[in-house]
*Asks:* 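Before we start, here is the structure in question, set down as structure tokens.
Each residue takes its place number in the sequence, starting with 1. This structure is a prediction, so every number in the text was calculated from the model and none was measured.
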Amino acid sequence: MAQKEFEADDPYEFVAVRFAMAPGVDAEEVMARCFIEEYALLGVPRDRIMHLFRSQFFGGTHAILEARGEAFVQEVADRVFGPETAGEVR
């Protein structure tokens, strides 16, 4: 992998920013739903989206899984895709 020297004003540097949410809003639920809906709209199947949450290489999704657990992410996915049934491939 090519290495690039750090530049203080690098326009390609990833910067994550958190915004204040209204009291009572579950920010992790909102973010998880945004991730799931975005990938679903791109045609990514449910099992591949769940892989993004399980993989440490995807920091945003994985942080939600680590903080809230697999069951939480599955519940959010159920609200987007509908409940998953045994043996069903989505």
Side-chain angles (χ1 to χ4, degrees):
M1 178 178 223
Q3 294 294 320
K4 178 179 162 301
E5 292 296 319
F6 174 75
E7 298 173 37
D9 60 346
D10 187 347
Y12 296 107
E13 179 183 8
F14 177 74
V15 179
V17 179
R18 286 187 171 251
F19 291 93
M21 303 283 295
V25 173
D26 185 346
E28 288 172 338
E29 192 275 334
V30 171
M31 197 68 231
R33 186 173 182 102
C34 286
F35 281 128
I36 293 167
E37 286 180 352
E38 183 73 21
Y39 287 108
L41 288 169
L42 291 170
V44 178
R46 179 188 182 123
D47 64 319
R48 297 297 300 159
I49 294 172
M50 291 306 299
H51 174 75
L52 298 175
F53 281 88
R54 293 181 191 115
S55 174
Q56 294 178 358
F57 292 106
F58 298 93
T61 52
H62 189 68
I64 294 169
L65 182 96
E66 287 289 304
R68 301 293 287 271
E70 178 102 12
F72 170 78
V73 177
Q74 290 287 356
E75 288 173 19
V76 177
D78 286 347
R79 290 196 292 275
V80 173
F81 286 99
E84 189 172 37
T85 58
E88 182 179 356
V89 177
R90 290 184 176 248

*Asks:* Say you draw a straight line from CG of Leu52 to CD1 of Ile64; how long is it, rounded to the nearest 0.5 Å?
*Replies:* 11.5 Å
*Asks:* Which atom names give the shortest non-hydrogen contact between Phe35 and Gly60, and what distance separates them?
*Replies:* CE1-C, 3.9 Å
*Asks:* If you measure from OH on Tyr39 to NE2 on His51, what distance do you get to the nearest 0.5 Å?
*Replies:* 11.0 Å
*Asks:* Who else is in the cluster with Val30 when I, L, V, M, F, W and Y are joined by side-chain contacts under 4.5 Å?
*Replies:* Met21, Val25
*Asks:* Hey, could you give me the CG/CZ distance between Asp26 and Arg68, rounded to the nearest 0.5 Å?
*Replies:* 4.0 Å
*Asks:* Could you go through residues 75-83 and list every donor-acceptor pair under 3.5 Å that involves a side-chain atom there, pairing it with any protein atom two or more places apart or in another chain?
*Replies:*
unit_1: Asp78; atom_1: OD1; unit_2: Arg46; atom_2: NH1; d: 3.3
unit_1: Asp78; atom_1: OD1; unit_2: Arg46; atom_2: NH2; d: 2.5
unit_1: Arg79; atom_1: NH2; unit_2: Glu29; atom_2: OE2; d: 2.9

*Asks:* Output the distance between atom OG1 (Thr61) and atom CD (Gln56), rounded to the nearest 0.5 Å.
*Replies:* 11.0 Å
*Asks:* Indicate the atoms forming the closest heavy-atom contact of Met50 with Val73, along with that distance.
*Replies:* CE-CG1, 3.5 Å
*Asks:* Please name all residues satisfying side chain to side chain contact (heavy atoms under 4.5 Å, CB included) with Leu41, sequence neighbours left out, ordered by chain then number.
*Replies:* none
*Asks:* Could you report the tightest heavy-atom contact between Ala32 and Phe72, atom names first, then the distance?
*Replies:* CB-CE2, 4.3 Å
